[in-house]
Participant: 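Just passing along the structure, written as structure tokens.
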2 protein chains.
Amino acid sequence: MLSVDTTQLLKGVLDLAVLAVLRDDDGYGYDILRRLRTAGLTEIGDASVYGTLRRLFAAGYLTTYVVPSEEGPHRKYYALNPAGRTQLKQGGDVWRGFASTMNTLLRESA
Amino acid sequence: MLSVDTTQLLKGVLDLAVLAVLRDDDGYGYDILRRLRTAGLTEIGDASVYGTLRRLFAAGYLTTYVVPSEEGPHRKYYALNPAGRTQLKQGGDVWRGFASTMNTLLRESA
DNA sequence: TGTGGTACTGCGCATCGCACACTACTGTGC
DNA sequence: GCACAGTAGTGTGCGATGCGCAGTACCACA
């Protein structure tokens, strides 16, 4: 409610983060969650990632395939398709522009 | 819905942006809106700014005083109080950490 | 009189991250 | 055999927040 909340900062950026960690290697939800947490987004919730993956898939940015595992439940892998790569690129540009604007605002203390 | 939406990126950051533009000079809503748009947040909605000001005030980060204007309606000025300055500082730190994490994620293309 | 710019309020909506509960499979230890 | 932890996914509903839009009000100018 008050105080600085990372949750709100994630809005609109989690999509981008998920696309980013899928750029070089396909991944399944649980693994992507670990990648994001390892990367520094330590407070991310599991439901957020699964939800994001479903949204990105519904939006046509990802393809998916199921792989049975010998050490647990099946894994639903996701992979970037061309539209996803375009989105990642565009999103990155928007992010950089936005971040740059914010940095300027925060640092104009002369 | 699809495409890259600046709206979502603002979530949680608008607070910070408003605190930032109030750091050096008090301001009233309409003026703060102009400052933010000038600074680069061109697509920001007026209701967002007014709402944010009310929230920040309710949270105890701002003081306010009304100044009658000779060329239009009265103006409700807002000013940072000590809690607001603390919040600005902390928020800035959180933002920089978060932005740094995202930049790393987006640029790990070897 | 009416049109446009200034300035603020309130209502309701859409998005999205998240907590929580639930299902389900595997391996380990009692 | 059974409880338990770790892995993996789905579905529901909530809360925070930016935004569109309507409404109010004041001023200047034609």
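The chains referred to below are lettered A, B, ... by the order of the sequence lines, with proteins before strands, and numbering in each begins at 1.
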Participant: Looking only at the side chain of B:Arg75 (C-beta and beyond, no hydrogens), which of the listed nucleotides D:dA16, C:dT6, C:dT9 gets closest?
Facilitator: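 Nearest to the side chain of B:Arg75 among the choices is C:dT6.
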
Participant: For DNA chain D, whose closest nucleotide is more 5', that of A:Lys76 or that of A:Gln8?
Facilitator: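 Its nucleotide being nearer the 5' end, the pick is A:Lys76.
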
Participant: Using the side-chain heavy atoms of A:Tyr28, tell me which of these nucleotides is nearest: D:dG9, C:dC25, C:dG17.
Facilitator: D:dG9

Participant: Base, sugar-phosphate alone, or nothing: which one does B:Arg55 contact when heavy atoms must sit under 4.0 Å apart?
Facilitator: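 Since only primed, P, OP1 and OP2 atoms lie under 4.0 Å of B:Arg55, the category is sugar-phosphate.
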
Participant: From D:dC19, C:dA14, C:dG10, pick the nucleotide closest to the side chain of B:Arg54?
Facilitator: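 Of the options given, the side chain of B:Arg54 lies nearest C:dG10.
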
Participant: Regarding A:Gly51, tell me which of base, sugar-phosphate or nothing describes its non-hydrogen contacts under 4.0 Å with the strands shown.
Facilitator: nothing

Participant: When the distance from CG of B:Leu16 to P of D:dT17 is rounded to whole Å, what number comes out?
Facilitator: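 About 13 Å, once rounded to whole Å.
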
Participant: Side chain of A:Tyr50 only, heavy atoms from C-beta on: which candidate in C:dG17, D:dA8, C:dT6 is closest?
Facilitator: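 In terms of side-chain proximity for A:Tyr50, the closest of C:dG17, D:dA8, C:dT6 is D:dA8.
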
Participant: Describe the nucleic acid contact of A:Ser69 in one word from base, sugar-phosphate, nothing, applying a heavy-atom distance below 4.0 Å.
Facilitator: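 Contact class for A:Ser69: none.
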
Participant: Would you give the length of the straight line joining atom CG of A:Leu14 to atom CD1 of A:Ile44, rounded to the nearest 0.5 angstrom?
Facilitator: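 A:Leu14 atom CG to A:Ile44 atom CD1 measures 4.5 Å (nearest 0.5 Å).
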
Participant: B:Pro73 side chain: which of D:dA16, D:dC19, C:dA7 is closest?
Facilitator: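 So the nucleotide nearest the side chain must be C:dA7.
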
Participant: With the side chain of A:Arg34 defined as its heavy atoms from C-beta on, choose the nearest nucleotide among C:dC18, D:dA8, D:dG18.
Facilitator: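 Closest nucleotide to the A:Arg34 side chain: D:dA8.
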
Participant: Could you tell me how far apart A:Leu53 (CG) and D:dG11 (C1') are, to the nearest whole angstrom?
Facilitator: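 Rounded to the whole Å, the gap is 16 Å.
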
Participant: When you measure from the side chain of A:Ala47, which nucleotide among D:dT17, D:dA16, C:dA19 comes out closest?
Facilitator: C:dA19

Participant: Of all the nucleotides listed (D:dA16, C:dC8, C:dA7), which has the minimum atom distance to the side chain of B:Asp46?
Facilitator: C:dC8

Participant: Below 4.0 angstrom from OP1 or OP2 of C:dT6, is there any side-chain N or O of B:Tyr30?
Facilitator: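 Yes, B:Tyr30 has a side-chain N/O under 4.0 Å of OP1/OP2 on C:dT6.
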
Participant: Is there a side-chain contact between A:Thr7 and the phosphate of C:dC18, meaning an N or O under 4.0 Å from OP1 or OP2?
Facilitator: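 Looking at the OP1 and OP2 atoms of C:dC18, one of them is under 4.0 Å from a side-chain N or O of A:Thr7.
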
Participant: Less than 3.5 Å apart, any donor N or O on the side chain of A:Arg35 or A:Thr38 sitting next to an acceptor on the other?
Facilitator: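 No pair is found: no donor N or O on one side chain lies under 3.5 Å from an acceptor on the other.
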
